[in-house]
Amino acid sequence: MSEAVDRNAKVIAEFRANEGRVGGVFEGAPLVLVHHRGRKSGQEYVSPMMYLPHDSAPDIVYVFASKGGAPTNPEWYRNLTAAGEGTVERGTETYQVTVRELNGSERDSVFAEQARRYPGFAEYARQTDGIRVIPVLELRRA
């Protein structure tokens, strides 16, 4: 098992055992578990990720395909955008979501707010500058 998969498995187990709360690098951060299907394999995957809640719509969260500042987008991003849907575990709730990629000023505004709250995201953007723009996805309860 790869180090990233092993780390994710530990975060997922801790999330589920503690009603959506985890410690370590994610302590105190808003975290969701996003279920998505491999666009080629059809296999279900679960990816933990930080999110930004929508200002006024409780059924919308935003997730960021930062991949820790890597030069490529994460597979979960490709899977979600191809499917247009997924499932989210948020706290003790599990629900279906539709997926929409944000673009232009809407994307920039949401990403800027995430980077303001969590400066690591600003660093990820710096690392990917000139290589790729970090995608932002809106996950809306279906």
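The basis for the numbers below is simple: all heavy atoms, side chains too, and nothing from hydrogens, waters or symmetry mates.
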Chemist: Same hydrophobic cluster for Leu31 and Tyr77, using side-chain heavy-atom links shorter than 4.5 Å among ILVMFWY?
Modeler: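 Cluster IDs for Leu31 and Tyr77 differ.
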Chemist: If you define the side chain from C-beta out and look only at heavy atoms, does anything of Val46 sit under 4.5 Å from Val34?
Modeler: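 A side-chain contact is absent here, since even the closest heavy-atom pair is not under 4.5 Å.
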Chemist: Could you walk me through whether Thr94 and Thr87 pass the side-chain contact (heavy atoms from CB on, under 4.5 Å) check?
Modeler: CA-CA 7 Å; Thr94 301; Thr87 303; 3.5 Å; yes
Chemist: Between Gly69 and Gln127, which heavy-atom pair has the shortest distance, and what is it?
Modeler: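 So the minimum-distance heavy-atom pair works out to CA-OE1, 3.2 Å.
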Chemist: For the residue pair Arg90 and Pro53, establish whether any side-chain heavy-atom pair is separated by less than 4.5 Å.
Modeler: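 With C-beta onward as the side chain, the pair touches.
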Chemist: Looking only at heavy atoms, which two atoms of Ala125 and Phe111 are closest? And how far apart?
Modeler: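 Heavy atoms only, the tightest pair is CB-CE2, 3.8 Å.
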Chemist: Determine, using the 4.5 Å side-chain heavy-atom cutoff (strictly less than), whether Met50 and Val22 are members of one ILVMFWY cluster.
Modeler: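 Same cluster.
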Chemist: Yes or no on side-chain hydrogen bond (donor to acceptor under 3.5 Å, both in side chains) for Thr92 and Glu19, after CA distance, side-chain angles and deciding distance?
Modeler: CA-CA 5 Å; Thr92 59; Glu19 300 178 333; over 6 Å; no
Chemist: Is the shortest heavy-atom distance from the side chain of His35 to the side chain of Val88 under 4.5 Å?
Modeler: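 No, side chains not in contact.
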Chemist: Indicate yes or no for a side-chain donor-acceptor contact from Ser109 to the backbone of Ser105 under 3.5 Å, with no hydrogens or angles considered.
Modeler: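 Side chain of Ser109 to backbone of Ser105: no pair is present.
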Chemist: Is it true that the side chains of Arg132 and Asn73 contain a donor and an acceptor less than 3.5 Å apart?
Modeler: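 Side-chain D/A pair, Arg132 to Asn73: present.
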Chemist: With the side chain counted from C-beta on, respond yes when Leu137 and Tyr62 share a heavy-atom pair under 4.5 Å apart, and no when they do not.
Modeler: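 Answer no - side chains too far apart.
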Chemist: Are Arg141 and Glu93 ion-paired here, with the side-chain N under 4.0 Å from a carboxylate O?
Modeler: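 Yes, Arg141 and Glu93 are salt-bridged.
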Chemist: Donor-acceptor pair, Asn8 side chain versus Ser47 backbone, under 3.5 Å?
Modeler: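 Checked: no pair found.
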Chemist: Could Arg117 and Glu113 be called an ion pair, given the rule that one side-chain N must be under 4.0 Å from one carboxylate O?
Modeler: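 Counted as a salt bridge, because a side-chain N and a carboxylate O are separated by less than 4.0 Å.
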Chemist: Do Arg107 and Glu101 make a side-chain contact, defined as non-hydrogen atoms from C-beta onward lying under 4.5 Å apart?
Modeler: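 They are not in contact (no side-chain heavy atoms under 4.5 Å apart), so the answer is no.
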Chemist: Rounded to the nearest 0.5 Å, what's the gap from CZ on Arg39 to CG on Leu80? Could you check?
Modeler: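 Between Arg39 CZ and Leu80 CG, I get 10.5 Å after rounding to 0.5 Å.
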Chemist: Between Phe121 and Phe64, does the ring centre distance come in under 6.0 Å?
Modeler: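 Close enough - the centres of the two rings lie under 6.0 Å apart.
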Chemist: Ignoring hydrogens, what is the shortest heavy-atom contact between Ala115 and Ala122? Give both atom names and the distance.
Modeler: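 Heavy atoms only, the tightest pair is CB-N, 3.8 Å.
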Chemist: Is Val97 linked to Leu52 within one hydrophobic cluster, defined over Ile, Leu, Val, Met, Phe, Trp and Tyr using a side-chain heavy-atom separation of less than 4.5 Å?
Modeler: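 The answer is no; the residues belong to distinct hydrophobic clusters.
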Chemist: What residue among Thr98, Asn103, Leu102 forms side-chain contact (heavy atoms from CB on, under 4.5 Å) with Arg100?
Modeler: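 Only one option passes, and that is Leu102.
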Chemist: Quick one: CD on Glu44 to NE2 on His36, what's the gap to the nearest 0.5 Å?
Modeler: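 With rounding to 0.5 Å, CD (Glu44) is 8.5 Å from NE2 (His36).
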Chemist: Quick one: do Phe26 and Met49 end up in the same hydrophobic cluster if we chain Ile, Leu, Val, Met, Phe, Trp and Tyr together by side-chain heavy atoms under 4.5 Å apart?
Modeler: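 No, no single cluster joins them.
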Chemist: Can you check salt bridge (Lys or Arg N to Asp or Glu O under 4.0 Å) on Glu27 and Arg21, steps first, answer last?
Modeler: CA-CA 7 Å; Glu27 187 167 3; Arg21 292 181 304 276; over 6 Å; no
Chemist: Please examine the side chains of Phe15 and Glu89, heavy atoms only from C-beta on, and report whether any two atoms are closer than 4.5 Å.
Modeler: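 Glu89 reaches Phe15 side chain to side chain.
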Chemist: Going by heavy atoms in the side chains, are Val136 and Val63 under 4.5 Å from each other?
Modeler: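 With C-beta onward as the side chain, the pair stays apart.
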Chemist: Measuring from Tyr51:OH to Ile60:CD1, what's the distance to the nearest 0.5 Å?
Modeler: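 Atom-to-atom, Tyr51:OH and Ile60:CD1 are 13.5 Å apart.
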Chemist: Treating Ile, Leu, Val, Met, Phe, Trp and Tyr as nodes and any side-chain heavy-atom pair under 4.5 angstrom as an edge, say whether Val110 and Val99 lie in one connected cluster.
Modeler: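 Shared cluster, no.
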Chemist: Find the distance between OH (Tyr124) and CD1 (Ile134) and round it off to the nearest 0.5 Å.
Modeler: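 Here the rounded value is 9.0 Å.
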Chemist: Quick one: does Leu33's side chain get under 4.5 Å of Ile12's, heavy atoms only?
Modeler: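 Of all side-chain heavy-atom pairs linking Ile12 with Leu33, at least one is under 4.5 Å.
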